[in-house]
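First up is the structure itself, then whatever we jot down about it.
Every chain is numbered from 1 and lettered A, B, ... according to where its sequence line falls, protein lines coming before strand lines. These numbers were taken from a predicted model, which means no experiment stands behind them.
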Protein chains: 2
Amino acid sequence: MLDKIDRNLLCMLQQDCKQSLQALAEAVNLTSTPCWKRLKRLKNKGYIRGRGALLDNEKLNLGLTSFVLIKTQQYSSEWYRTFVQRIAKIPDVLVFYRISGEYDYFMQLEVAYMKSCDIFNKRLVNGVLGLVDVTSSFAMENKIYHRATRARVKSSPN
Amino acid sequence: MLDKIDRNLLCMLQQDCKQSLQALAEAVNLTSTPCWKRLKRLKNKGYIRGRGALLDNEKLNLGLTSFVLIKTQQYSSEWYRTFVQRIAKIPDVLVFYRISGEYDYFMQLEVAYMKSCDIFNKRLVNGVLGLVDVTSSFAMENKIYHRATRARVKSSPN
DNA sequence: AGTGAAAGAATCACTTA
DNA sequence: TAAGTGATTCTTTCACT
């Protein structure tokens with residue numbers, strides 16, 4: 001489905017989607033039109049979900065990252081839907097996954113102050129949500145930044 | 001430092017950085033030149049770290065997301081540097097944080113098969129890295145997608 | 001996959017409030 | 001210090017080869 005050129009294009013776009021068609025085309029030894037056709041195809045087929053700016057958390061006063069693991073005893077689909085709806089409304093929540101294993105949900109928060117995390121956690125525990133166990137920790141250092149939540153394109157040596 | 005217009009621009013760019021200058025300008029009631037100057041300033045001051053395509057993991061055969069928590073008993077800065085260097089070379093690793101609390105590191109992997117996670121974990125445990133405890137779980141469902149690892153711009157109700 | 005032309009967008013010197 | 005006009009240059013897009 002994807003040849004080497006397509007993969008290269010995706011990889012380049014992932015790092016910088018503002019590169020001109022010409023620059024991209026040159027990098028894969030094509031002229032602009034065939035390159036453009038490939039990009040259009042990749043978009044249409046859904047390989048490219050969107051193109052967004054990556055902002056600086058700290059500059060935006062959201063320098064505190066918190067990871068929250070949640071255990072619950074609620075397993076109805078009704079409860080789950082309500083839970084997700086509420087979580088989705090909270091802008092602090094950057095990442096939300098239902099996971100396998102000891103805990104049921106994983107979340108990543110980005111906030112300005114410790115207090116915000118505290119308020120958030122208290123809401124979860126004291127609220128009507130029936131959560132059994134909420135454990136959180138904080139990011140001290142982030143060493144892999146640009147890959148963050150972007151699909152890797154080049155294949156793994158594994 | 002940032003007025004309301006700047007915040008609006010950042011918010012729009014975060015969702016879609018391929019919008020034309022004109023479209024952005026209209027949305028904030030400006031003409032293209034002053035809008036362009038603002039964007040340039042936001043870029044230069046570092047609010048915008050980059051602009052990248054958001055790719056589809058599943059289409060790229062990287063549909064399995066794994067979360068790994070690691071505990072170690074190595075606390076020298078020398079060991080840490082080596083550890084980070086090795087981790088950074090593994091393309092499966094999408095996210096890597098040093099964290100506070102019970103565990104020392106948090107990682108998110110994106111891979112094609114369960115086997116890749118297994119190989120990865122075995123490497124960590126059996127390797128020369130001196131890891132004490134490695135626990136992993138898998139993503140079942142991801143309900144908050146586009147916000148992922150992008151700084152939130154609009155303020156929280158908290 | 002490539003050429004070339006037409007439409008569209010970004011960039012900047014200069015002007016205005 | 002911030003916004004606007006208009007000219008120039010660069011980019012995208014597409015019919016045709």
Heavy atoms within less than 4.0 Å of DNA chain C: which residues of residues 39-46 of chain B have one? Give them sorted by number. B/Lys40
Give me the first and last nucleotide of DNA chain D, going 5' to 3', that has any atom under 4.0 Å from a heavy atom of chain B. D/dA3 to D/dG6
Enclosure of A/Glu58 CD (heavy-atom neighbours >12, cutoff 6.0 Å): no
Output the rounded distance in Å from CD (B/Gln22) to C1' (C/dG8). 9 Å
Double-helix bend of the helix from C/dA1-D/dT17 to C/dA17-D/dT1, axes at both ends from 5 pairs, round to 10°, gives 30°
Under 4.5 Å between side-chain heavy atoms, hopping through other hydrophobics if needed: is there a path connecting A/Tyr75 to A/Val84? no
Below 3.5 Å is the cut-off: list the nitrogen or oxygen pairs between protein and nucleotides 3-6 of chain C, distance only.
| from | atom 1 | to | atom 2 | distance (Å) |
| --- | --- | --- | --- | --- |
| C/dT3 | O4 | A/Thr33 | OG1 | 3.1 |
| C/dG4 | O6 | A/Thr33 | OG1 | 3.3 |

Show the numbers, then the answer: is there a salt bridge (charged side-chain N to carboxylate O under 4.0 Å, His left out) between B/Asp16 and B/Arg51? CA-CA 9 Å; B/Asp16 178 5; B/Arg51 292 142 186 253; over 6 Å; no
Hits for side-chain contact (heavy atoms from CB on, under 4.5 Å) against A/Ser20, two or more places apart or cross-chain, chain-then-number order -> A/Gln22, A/Ala23
When hydrophobic residues are tied together by side-chain contacts of less than 4.5 Å, even through go-betweens, does B/Met1 share a cluster with B/Leu13? yes
Starting from the 5' end of DNA chain D, give me the residue, B/Lys18 or B/Ile5, whose nearest nucleotide shows up first. B/Ile5
Is the distance between the ring centroids of A/Trp79 and A/Phe83 less than 6.0 Å? yes
Kindly write out the residues that satisfy side-chain hydrogen bond (donor to acceptor under 3.5 Å, both in side chains) with B/Asp118, not counting sequence neighbours, or none if the list is empty. B/Lys122
Under the ring-ring contact (aromatic ring centres under 6.0 Å, His included) rule, what pairs show up with a residue in residues 53-72 of chain B, not counting sequence neighbours? A/Tyr97-B/Phe67, A/Phe106-B/Phe67
Joint hydrophobic cluster, B/Ile70 plus B/Val125, side-chain heavy atoms closer than 4.5 Å: yes
Using the test side-chain contact (heavy atoms from CB on, under 4.5 Å), find all partners of B/Glu141 that sit at least two apart in sequence or belong to another chain. A/Tyr80, A/Arg98, B/Lys143
Tell me every residue that passes side-chain hydrogen bond (donor to acceptor under 3.5 Å, both in side chains) with B/Asn44, counting only those two or more places apart in sequence or in another chain. none
Taking only distance into account, with no hydrogens and no angle test, what donor-acceptor pairs under 3.5 Å do side-chain atoms of residues 129-138 of chain A form with protein atoms, sequence neighbours excluded?
| from | atom 1 | to | atom 2 | distance (Å) |
| --- | --- | --- | --- | --- |
| A/Ser136 | OG | A/Asn121 | ND2 | 3.2 |

So which pairs with a foot in residues 18-32 of chain B pass salt bridge (charged side-chain N to carboxylate O under 4.0 Å, His left out), sequence neighbours left out? none
Please determine if A/Asp56 and B/Arg49 form a salt bridge, counting it only when a charged side-chain N lies under 4.0 Å from a carboxylate O. yes
Test salt bridge (charged side-chain N to carboxylate O under 4.0 Å, His left out) applied to B/Asp6 and B/Arg41, B/Lys45, B/Lys40, the passing residue: B/Arg41
Review item, nucleotides 15-17 of chain C N/O atoms under 3.5 Å of protein N/O:
none

Phosphate oxygens OP1/OP2 of C/dA10: is one of them under 4.0 Å from a side-chain N or O of B/Trp36? no
